[in-house]
Amino acid sequence: MGDEAVPVTRGVDFGVAKLMPDVDRERAWLLTVDGAPQSYVDLDDPGHLEFEYVRRIAYVLEAGFGAGEALDVVHLGGGACTLPRYLAAARPGSRQRVVEADRGLVALVAEYLPLDDPSVAVHTADARQWLAAAGEGSADAVVADVFGGSRVPAPLTTVEFVRDARRVLRTGGVYVANIADAAPFAFLRAQLATIRTAFGDAADLCLLAEPGVLRGRRYGNAVLVAADRPLPVDALARLCAADAFPARVVHGDALDLLVRGAAPVYDSSATPSPAPPDGAFTVG
């Protein structure tokens with residue numbers, strides 16, 4: 001790159017990617033694909049997490065594991081590797097595996113936003129197929145943040161998929177999934193039922209989302225969290241409440257009420273997540 005950052009537009013495997021420099025931060029970039037925001041990266045400050053939902057995923061890892069503890073993390077969906085960059089800085093010694101199906105996108109990010117860290121391995125592969133071949137009990141956390149444009153692909157919404165993620169987790173490991181939905185939350189409720197079915201009744205489950213989304217006022221992200229141990233919901237609630245854009249943690253009886261009557265999704269009947277309303281996520 002030259003001294004002056006300029007936007008970059010390139011056709012990639014699954015659409016048109018655009019890298020746009022942030023005029024307020026010298027070496028920060030927004031990545032979009034077909035106009036939908038995918039990642040925001042500050043090369044000088046990997047601890048700066050611009051997107052609210054990414055901060056919520058970071059809070060899950062912060063509250064769920066010891067401070068500074070090195071982790072083995074699988075990231076399904078890579079984009080510009082915002083979270084892997086953050087974890088590499090916040091938890092030195094962590095081993096991270098990033099799975100991104102779009103080879104063109106991986107090449108674009110490597111060219112303009114290089115991540116020169118041997119502890120982060122980027123695999124260009126289908127997330128579901130890669131996960132099926134991953135070793136049992138090989139990760140402390142599995143983070144699923146895969147969108148085809150603005151929709152979660154159908155194969156990543158099922159009981160079979162989540163069971164495979166659970167297989168890859170160590171005892172005490174945490175599964176985190178980022179999805180998006182709006183009232184009446186048919187997709188969200190089905191995903192909660194799917195995760196509960198895959199993990200079993202003894203597992204703990206919670207949901208992190210902005211109050212406006214939970215009240216049905218708008219379409220937005222929801223971060224779903226599951227583990228075979230009690231989740232640190234009090235610590236999570238404090239972290240989410242202190243954020244510049246506070247989120248609520250839905251857990252226990254409130255979560256049971258939300259999930260009640262929802263059916264889990266299996267491979268035989270899976271569909272992608274609903275398309276967002278026009279303009280919900282579009283940039284540039």
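Worth knowing before you read on, the calculation uses all heavy atoms, side chains too, and leaves out hydrogens, waters and symmetry mates.
In summary, Arg85 and Asp45 do not engage in a salt bridge, as defined by a charged side-chain N under 4.0 Å from a carboxylate O. Salt-bridge formation is not detected for the pair Asp201/Arg196: no Lys NZ or Arg NE/NH1/NH2 atom is positioned less than 4.0 Å from an Asp or Glu carboxylate oxygen. Contact check on Arg25 versus Asp22 returns no salt bridge, with no Lys/Arg side-chain nitrogen under 4.0 Å from an Asp/Glu carboxylate oxygen. Using a cutoff of 4.0 Å between basic side-chain nitrogens and carboxylate oxygens, Glu210 and Arg218 are scored as salt-bridged. Using a 4.0 Å cut-off between charged nitrogen and carboxylate oxygen, Arg56 and Glu62 do not count as a salt-bridge pair.
Side-chain atoms of Asp13 come within 3.5 Å of backbone N or O of Arg103 as a donor-acceptor pair. Looking at Asp42, its side chain never comes within 3.5 Å of a backbone N or O of His48 through a donor-acceptor pair.
Of the residues listed (Val259, Leu188, Val223, Ile179), the one engaging Leu207 in a side chain to side chain contact (heavy atoms under 4.5 Å, CB included) is Leu188, and it is the only one.
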Open item on the list: Run Asp243 and Arg55 through side-chain contact (heavy atoms from CB on, under 4.5 Å) and show every step you take.
Closed with: CA-CA 9 Å; Asp243 192 89; Arg55 293 199 297 273; 2.6 Å; yes
Task: Intermediate values then yes/no, salt bridge (Lys or Arg N to Asp or Glu O under 4.0 Å), Asp72 and Arg95 - done: CA-CA 5 Å; Asp72 287 340; Arg95 183 175 70 107; 3.5 Å; yes
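Checked by atom type, the side-chain pair Ser273/Arg151 shows no donor-acceptor distance below 3.5 Å. In the model, Glu100 has no side-chain atom that pairs as donor or acceptor with a side-chain atom of His123 under 3.5 Å.
Taking the ring axis of Phe65 as reference, the NZ or CZ atom of Arg170 does not stay both within 45° of it and closer than 6.0 Å to the ring centre.
Closest non-hydrogen pair, Gly149 versus Ala36, comes out as O-CB, 4.2 Å.
Using bins of under 30°, 30° to 60° and over 60° for the plane-to-plane angle, the ring pair Phe51/Tyr40 lands in the tilted bin.
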